[in-house]
Amino acid sequence: MNSEISKTFESKRRTRAELRALPFEEKLRILERLREDLIIGLAGQRKRGDKPTRESPSTTAPLLLDLIKKTTGHEPRKRAESESALKVEIEAALADPERTADLVHALFPNGVPLAPDFFERVNDLHLRLGWNETSKRLAGALLDSAIGQLNGEKGETLLAALPRVGSPGFFQTLDYLGFLLRERELRPQFAANWFPSLVKRIGNDLASGGFWKALEAYCEVHPQNAVEVLRCLAATRDEEQISVAACVLGTLRSLDTDPDLRSILAATELEFSRAATPGPRAVYNRSWIHTAWRGKMEKADLVALTSRISGGTPEEREQGFGIICRVLLSPLIPPDCFDFGMAWLKANVSSSLSPVPKYHIIDFAAQVRPRCRSGAAELVLSVQPVLPEHKGIWQRIEHFLVDLLEDDLSAFKDVLVKFARANAASWLKVLKTGREFEWLLSEMRGRDVAGVVGQLVFDETPQCRKLGLFFFDDLDLAAVPKELLERLDERRLALAFYESQRTSLHAAANARFLIVLIPSIDRMDSAMEDEFYDELVLQLKNYPGGCRDEFQRRLPEFPILQKAVAEVDAYFDQLKTVRESGLAAMEVAGALQAAKLHARRFSRAVAKSAEEMSVFAKLLKKVQLLYGQQWSTFHDDTLSGPSSLQQFSSSVEMPRMEFIDPEGMNLRRYHASVKIRELCSTTEERTK
Amino acid sequence: MSIDVKTSFLTYYIRSLAERTRVEKKGTKFGFDWIIYNLALAEDLIPHRLSFFRGGADEISKTKTEAEFGMDAAFVSRDGKLLKVFVLKDEPLNNSTWTKNDFDADLRRAAAPDLEANGLKDISEVRIILAYNKDEDQTGTGLFRRHTQALGTKVGDNVQLKFERWNLTRLTEEVKEKLLTPSLLPQRFFSLFSYICSQFADFRHGSDEWTNQLIPNWRRFLTDLLSENADERAVRLLPVALLILREQGSRNPTSGTGWIDLAEWAMLSAWRVHQESSNRGLGLAVFHIWVDFYLAELERYYEARGNELGARDGLDVNRAGSYVDSVVSAVVAFWHIARLGILAISFAELLPRGDKTEMAVREQAMQKVADWLATLLTANPAALRPLLDLHHIELFLIWRTFWQLARSNDIFAWLLGLGNCLLVRRAGTTPLPFLEGGNSLTSVFEAVATGDRPPEFCDQSSMLLLCILEWCFSLPFRERDRLVELYYKQLVLGRDSKGQPLGDAQPIDLLAWVPPENWGKKVLVKGLADEGESQSFETLGPDAVQDGSTIARHFENFIRKSRSARKTSLPEGLPISVVVLACLKHRSPLPAELWRASIFGAVAEESSP
């Protein structure tokens, strides 16, 4: 007993000391909070006096209270032991607002803070309760109850603190926001500011579904209030307000509300649609997306909308493509409406569109149903060229092509060639950027695409040829259809040959491509044959590993390969003799340091690039280990077991002639370009 | 190194030595007593009597002033039974010297050693060796035979007495067999030279250690050896030192080129001594070493590797797996170009041309080197990659090698290929930078290794391009105009064949260099890049840049004015090949008169306006 008393004294002494150390303003704030707690406590006692005595929460919700205690005590999170019992306790609390209020008191024994701390603590409890609908509802009920306990102004202050909550807590809160908005009407002026502030906080994050659902629910449950909110946003200008107003208008339009409200809404809608400023007009246009997705848009509405967009300002026209695309993506859109929209898009899209509408068009094409893909392909081709730096658009193009490849190989091949001819240069640039189009390339591997790649390799335009050679290399192709080769004339063969000279290919791919050409060499003139032979020799010297391996495999089939290999063997034998003679054994002062400098720079570039390309490196924190052969981490109060360091490596054969004869290799590429120009000008002259 | 060259230069050296090493007013006189002493040590004999007091590593041994009774040096075998007594003479053995130079008296005295002395109690044989570093005649040898026979075969009752005679040939053979080590050099150089030998054996030619440690040590050694009052003996020591180095560094895989590098520094030092001395013998010795030692060795080196020079990419260096290798390969290729060029112009200026046979031999030798050079240029892309403005020296040597044989086609093909390769770099389509005007290989390495040119990198001015433009004048007009147009319009102005700018290239300022008046005295000693006068050739206006011949006229005019305003005379008594070697080693630009005189003839006096 004595020890208990002394513990209490000690605790009080410590609390007093801590209070003494606090700043004056903080002391005042605590006093305020204690006074409120006293008033609420007394009011509670009075209420309890009027009603039959209720059991205390400690007996009705022991698990819940235990978790709340752990939350307030900042104890480490652990999975709840008895989830079913906990669920029963939560359901009971949800059924009784007073119990919910008690839980709020337990969670915030010092009063509800009007700051992000409130949401963070509720979110912490939410995580302890488990990630399910019931716990989400309880979190929403706690928020609702807290707002209810605060007077109106303080409640708004608390809600206004929500955008200041950090991620992921903010998005966690959006998930249970619907509970509050269904239960409680907000002051329209406050709501008209608060909703856009949440949209602004959401930014480009994709996890915004909870918010928009909550906003729709608000409109459904409190239409009158929602109309008021809409009216507050009548002079809207900024993007967030437009988004909120469009959602509210589109949702309200789809509701079966009473005639009075409908007529008020109609007047408001008219006000938006005929506004002199672009903001409200954008609200009106975009509201149709919400209406369409709620299944309430008809063809007549779309006809009117497209005609309105067509007659709008250039900006509205550009924005209009996005609106129509999103309208058409609604699963509830009637077929006649979809067909009309599709036809309108085909008639109106063009390569001169700015990147944003292009994105919408291609995003739409990537999402349409398989039966509409051919029309979608037309749209994709119509908006070309897309510049390489618009990576978002290229990701959607990749998505579109992968889906097309999955559905219809023949259509894919057709679109691939058309797409290459429309925008090969940019596509190649994107393909050469690390990790881009990996999905498509991996899907293309093992498919019968040699023909279409061959078509590109022997194409008339240089960019298509380069693209074709890229695919030939990356897809590890070893042949193109025989009938395609037989159809080619000498000029086309020469064009592809020279293109390969000025294109950087991997060793094995280079060798495989030259082997592809061997059967057709007979059709070329003797000068070209000599050049081809020289190229075989050069590449054998250039890539004595990969190229030689490929040639070695096919040696018995082609005497020309045998001759080239024999010549290059003699070359390397002679080099060996020179090495032994010491003729080039001397060193150069400073070379060693330069080599180290270069190696360091190269290694830094590799590490940086690997980090940029690695999904894991982006997700995980990088720790530079200084000592040891194993590693472990201390996280969430736990020290992990030791893990061994793993080594992984990748190697690539460098073209040795680039270092032996950099000028010559450049001149060779220049010569190839001149030859290509000559071959092309010959055709042009013939055409004339 | 052929046996003949080795023997012959050892012979020259030993022959030039005095009997004893001593310090005189004129300088230190090296004696072969030191060689005898070291030969005895090499045979594991124990010194019994020496004619000098042994000093420290860097000191000169002090000669003893006591009477030696004919016994210049005496050594006892490890078992104490053999006493070898050396009677040394730096005179030929003949009738006139026999008595005059005390051959007979000294031999007699030496044949009667005091065997009662400490350490000689167990002696059973006394061998008297008459060693003289000159030749002999029949009378001399007869006198020796008769005299030694008369002296009998015994000392006392039991000790055998034998006589031997070591003439110059025998001495040389003994040295060649037992003493090609630093010990062969005079004692004061032993320590430094031993250190140099070990560095030569360890360091790879051209490496940082080679450049920063061995070369300064070697140059210090040369300065010490050839300091004031250096005589023929000191000069004759140079090939011997190089022979020893060759022997000591035989396991170093880069010793072939490394040895040539050291020999070149030695040759420049020797030529400097020659330039400062009026001694004819010394002059002949330097010339002899230059022709029969350095040039002969250079020729032998390339004779043995003629085929390798033509091996495709043979001079390519593949160590770093980056463009750093391209730079290193170019340096290696230019090193060989320079040596071949030196050989070629040496043949042209030094081989006799008295009659048709001599002319044919000379022509054949020149063609042989020119062919080596041509195959090197064809087989090695790095040979068309000058990196520094100073590489105009090597390019000059190529031009000169072909020009002196009137191989215009070779000059044209080479300059055309060189122009194309330079154009690639001027256009910036390879990571290799254009010519570095500051002549810093470090800057070139940095530019290649980091991808960024250091601030001090200079490619705005070039003497090399002006040199090439001037060499074009040695070609027929058509070829000249074509090359002048290519070099001026594309490389100097930085434009493509259609006249469009090559990237962000700016026109390059062309510079000529006129050496200072006394450059002939300085060129063997130091770099002259910071002396003399730079003449800037102003970029031609659009009207002047029409075709090759119009551009050529402007250059011709400039060259005429430049020559008459600042006359350059070539140093007397120095072969051109030595001058060029000096410029190479000391990193001096070449005086334009070296080619202008050949192309444009003697300077015509400008007529007064």
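Chain letters run A, B, ... following the sequence lines, proteins first and then strands; every chain starts at 1. Scope of the values below: all heavy atoms of this structure, side chains included, with no hydrogens, waters or symmetry mates.
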Donor-acceptor check, side chain of [X] to backbone of [Y], threshold 3.5 angstrom: yes or no?
{"X": "D208(B)", "Y": "G590(A)", "answer": "yes"}
{"X": "R425(B)", "Y": "E663(A)", "answer": "no"}
{"X": "R312(B)", "Y": "Y571(A)", "answer": "no"}
{"X": "H598(A)", "Y": "Y323(B)", "answer": "no"}

To the closest 0.5 Å, what do you measure between [atom1] ([X]) and [atom2] ([Y])?
{"X": "M586(A)", "Y": "I260(B)", "atom1": "CE", "atom2": "CD1", "answer": "10.5 Å"}
{"X": "E308(B)", "Y": "S581(A)", "atom1": "CD", "atom2": "OG", "answer": "4.5 Å"}
{"X": "N420(B)", "Y": "Y670(A)", "atom1": "CG", "atom2": "OH", "answer": "9.0 Å"}
{"X": "C421(B)", "Y": "D661(A)", "atom1": "SG", "atom2": "CG", "answer": "6.5 Å"}
{"X": "W335(B)", "Y": "L583(A)", "atom1": "CH2", "atom2": "CG", "answer": "9.0 Å"}
{"X": "I660(A)", "Y": "N318(B)", "atom1": "CD1", "atom2": "CG", "answer": "6.5 Å"}

ask   = When you look at L592(A) and F445(B), which way does the side chain to side chain contact (heavy atoms under 4.5 Å, CB included) test go after all the steps?
value = CA-CA 10 Å; L592(A) 195 65; F445(B) 274 131; over 6 Å; no
Under 4.5 Å to a heavy atom of chain A? For T442(B) that would be neither
[X] atom [atom1], neighbour heavy-atom count above 12 within 6.0 Å:
{"X": "H586(B)", "atom1": "NE2", "value": "yes"}
{"X": "Q593(A)", "atom1": "CD", "value": "no"}
{"X": "K368(B)", "atom1": "NZ", "value": "yes"}
{"X": "F572(A)", "atom1": "CZ", "value": "yes"}
{"X": "R305(B)", "atom1": "CZ", "value": "yes"}

Heavy-atom distances under 4.5 Å only: say whether [X] touches chain B with side chain, backbone, both or neither.
{"X": "M665(A)", "result": "neither"}
{"X": "R579(A)", "result": "side chain"}
{"X": "K541(A)", "result": "side chain"}

Notebook entry, point to check: Any side-chain heavy-atom pair from W210(B) and E587(A) closer than 4.5 angstrom?
Noted result: no
Close side-chain approach of V588(A) to V327(B), heavy-atom, < 4.5 Å:
no
Given A584(A), A589(A), A595(A), the one with more heavy-atom pairs under 4.5 angstrom with chain B than any other is A589(A)
Heaviest contributor of heavy-atom pairs below 4.5 Å to chain B, chosen from L575(A), T577(A), N666(A), L667(A), is N666(A)
Looking only at A333(B), P431(B), G451(B), G417(B), most heavy-atom pairs under 4.5 Å shared with chain A are made by G451(B)
